[in-house]
Amino acid sequence: MHFTAGFVNGGVEQVLLNYTGKINKEYDVSESIVYLHKADAEKEKLSKQLGNKMYQIPARRENFFGNLKATYKLIKQEQPDIVHSHMSLMNFFPLTIAKILGVPVRVSHSHLAKSGNDSIKDRIYKKLTKWSANELVACGEEAGKYLYGDEKFNILFNAVDQKKYQFNQEARLKVREKYNIPKNAFLIGNIGRIIKQKNQIFLVKIFDKFYKCHPDSYLMIIGKGEKDQNDESELDDYIKSRNSASHVIRVSSVKSADKFYSAFDVFTMPSLYEGLPVVAIEAQASGIPTVLSKSIDKSVVFSEKVDLVSINDGIEPWIEKLEFWKEQKVNRTFTGNDNYNINVQYKKLFNWYSSWLKKYSK
């Protein structure tokens, strides 16, 4: 039984779909996903098609006791062998209830890394998470150190189906035709929720200056904002105020981004902080040059066309990298390793589950 904050178009959801889809198909297991906020209808439908049971429970912020009651009821009803929580700092909520109910394997999974000092509340949450879990997992080194400190943890890579993201010339032309992007234009891509963390306004600043020297360039930002926030409208207003506005293309969430990577010439992600973004893995699997914030866990790099740039040095270093890649004749063939290959990594996760169950079952 997996617990996650939401089930929309985020990286955690995609990791869950990638792993559960493979495990459900290859092994005799029953998996369920429990989420707090309204799910994206297409993502929920896909999850069910992959064999997952789906349950929505009240969000803690809106109904704290309703959340606890629903979590208790579901775990008692389903009697899972394993509860795997994907909510980072909030992992202790379902894991504590799982511990009370005697669930043998309780997995805390860190998908987030932040720098800076912890608040008292954060320190308490981290201690509760380590107390309630009996296995610790993270998407990368920095995400693990952030949540677990010096405790030992396992790394489960945010693996993808690498074949799905291979460069496709036909897809490239179709996407460009649909959005009126000239065949030979230089297209910069970004995919992610429209929230402060993803720093898309900074990206538009970069592009606006880049565009002055390179008017044959375009920027495409794919994603939508959170329901109760105004980050998306702020971004759209900012884009309209720029000279490059006519060359900035905003696309709401898409079912699958694989075709878009083929259309991009470079993928850019200036996030303020991240765990290990799945979109950066997908971009590399497509053979695309990838310019990422240094705030992202370094283990995200698994191919040779990646630059890590600090957001603290202003927009100029980012422009320099974009100009470098614009001048290159890029071979879109993917060369990387199996760390992010779902066809290898799902077997590792299943083996972990099996060994943990033997270890903790009475």
Side-chain angles (χ1 to χ4, degrees), residues 11 111-116 139-143 145-146 158 165 186-214 216-223 231 235 238-239 242 244 247-249 257 260-261 263-332 334-336 339-340:
H111 291 272
L112 191 65
K114 279 186 183 179
S115 55
C139 61
E141 285 288 341
E142 289 174 33
K145 287 173 184 172
Y146 166 69
N158 289 352
Y165 296 96
F186 184 71
L187 178 58
I188 301 162
N190 172 267
I191 302 174
R193 287 171 297 147
I194 310 301
I195 53 174
K196 294 281 192 298
Q197 172 197 342
K198 304 295 182 181
N199 210 15
Q200 282 107 341
I201 284 180
F202 182 75
L203 176 57
V204 175
K205 284 180 187 174
I206 295 166
F207 178 71
D208 197 52
K209 189 162 184 183
F210 181 82
Y211 171 76
K212 286 178 185 175
C213 300
H214 307 283
D216 63 335
S217 59
Y218 287 76
L219 170 65
M220 179 179 282
I221 299 175
I222 300 174
D231 296 323
L235 174 64
Y238 185 78
I239 291 169
R242 301 291 94 191
S244 58
H247 280 225
V248 180
I249 300 159
F260 288 88
Y261 294 112
F264 299 156
D265 293 297
V266 63
F267 182 82
T268 311
M269 196 173 192
S271 300
L272 298 174
Y273 58 90
E274 288 279 356
L276 212 148
V278 177
V279 288
I281 304 304
E282 294 171 349
Q284 289 175 76
S286 78
I288 194 173
T290 307
V291 184
L292 304 172
S293 164
K294 277 188 176 175
S295 303
I296 297 171
D297 193 320
K298 310 301 178 289
S299 54
V300 73
V301 179
F302 77 113
S303 64
E304 76 285 0
K305 297 190 284 281
V306 182
D307 293 307
L308 298 176
V309 185
S310 173
I311 54 173
N312 298 321
D313 296 335
I315 65 173
E316 291 303 330
W318 293 81
I319 291 170
E320 287 172 17
K321 292 299 180 186
L322 293 176
E323 288 181 331
F324 170 80
W325 287 115
K326 190 175 190 299
E327 296 305 314
Q328 305 306 305
K329 187 170 174 57
V330 176
N331 181 348
R332 293 294 293 264
F334 165 72
T335 51
N339 284 349
Y340 293 97

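It should be emphasised that the depicted structure is a prediction, and the values quoted were computed from it without experimental measurement.
Between the side chain of Ser295 and the backbone N or O of Leu272 there is at least one donor-acceptor pair closer than 3.5 Å. The backbone N or O of Lys305 sits nowhere less than 3.5 Å from a side-chain atom of Gln284 that would complete a donor-acceptor pair. Here the side chain of Trp318 pairs a donor or acceptor atom with the backbone of Ser310 at under 3.5 angstrom. For the pair Asn199 (side chain) and Pro270 (backbone), a donor-acceptor distance under 3.5 Å is present. Using modelled atom types, no side-chain atom of Glu142 and backbone atom of Ala113 make a donor-acceptor pair closer than 3.5 Å. With Asp208 contributing its side chain and Arg242 its backbone, the two residues share no donor-acceptor pair below 3.5 Å.
Heavy atoms of other residues, nucleotides or ligands lying less than 6.0 angstrom from NZ of Lys321 number 12 at most. Residue Lys209 qualifies as open at atom NZ: its count of foreign heavy atoms under 6.0 Å is 12 or below.
A tilted orientation is assigned to the rings of Phe186 and Phe210, their planes being inclined by 30° to 60°. Taking the six-membered ring for Trp and thresholds of 30 and 60 degrees, Tyr261 and Tyr165 have ring planes more than 60 degrees apart, a perpendicular arrangement.
Taking every heavy atom of both residues into account, Phe267 and Asn190 meet most closely at CE1-CA, 3.9 Å. Taking both residues in full, the closest heavy atoms of Ala257 and Ile191 are given as CB-CD1, 3.7 Å, listed atom of the first, atom of the second, then distance. Nearest approach of Ala263 to Leu187, heavy atoms of both residues: O-CD2, 3.5 Å. The minimum heavy-atom distance linking Ser299 with Tyr340 is given by the pair O-OH, 2.6 Å. Counting all heavy atoms, side chain and backbone alike, Val279 lies closest to Met269 at CG2-CE, 3.6 Å. Looking at every heavy atom in both residues, Lys114 comes nearest to Tyr146 through O-CD1, 3.5 Å.
Of the candidates Val278, Asn158, Leu276, Val306, Leu276 is the only one forming a side chain to side chain contact (heavy atoms under 4.5 Å, CB included) with Val300.
Thr290 contributes atom OG1, which lies 11.0 Å from atom CZ of Phe264 (distance to the nearest 0.5 angstrom). Between the CD1 atom in Ile221 and the NZ atom in Lys198 there is a gap of 13.0 Å [rounded to 0.5 Å]. Ile281 CD1 to Asn339 CG: the interatomic distance, rounded to the nearest 0.5 Å, is 9.0 Å. The NE2 atom of His214 sits 14.0 Å away from the NE2 atom of His247 when rounded to the nearest 0.5 Å. Remark: Ile319 CD1 to Cys213 SG distance equals 8.0 Å, nearest 0.5 Å. The distance from atom CZ of Phe260 to atom CD1 of Ile222, rounded to the nearest 0.5 Å, is 4.5 Å.
Side-chain contact check for Ile296 versus Leu308: every heavy-atom pair is 4.5 Å or farther apart. A heavy-atom distance below 4.5 Å is found between the side chains of Trp325 and Asp307. Counting heavy atoms from C-beta on, the side chains of Ile311 and Lys294 never come closer than 4.5 Å. Between Val330 and Pro289, the closest side-chain pair of non-hydrogen atoms falls below 4.5 Å.
Taking the six-membered ring for Trp, Phe334 and Phe302 have ring centres closer than 6.0 Å.
Salt bridge status for Lys326 with Asp216: present, with a side-chain N to carboxylate O gap under 4.0 Å. Ionic pairing of Lys196 and Asp231 is present here: one or more N-O contacts between side-chain nitrogen and carboxylate oxygen are shorter than 4.0 angstrom.
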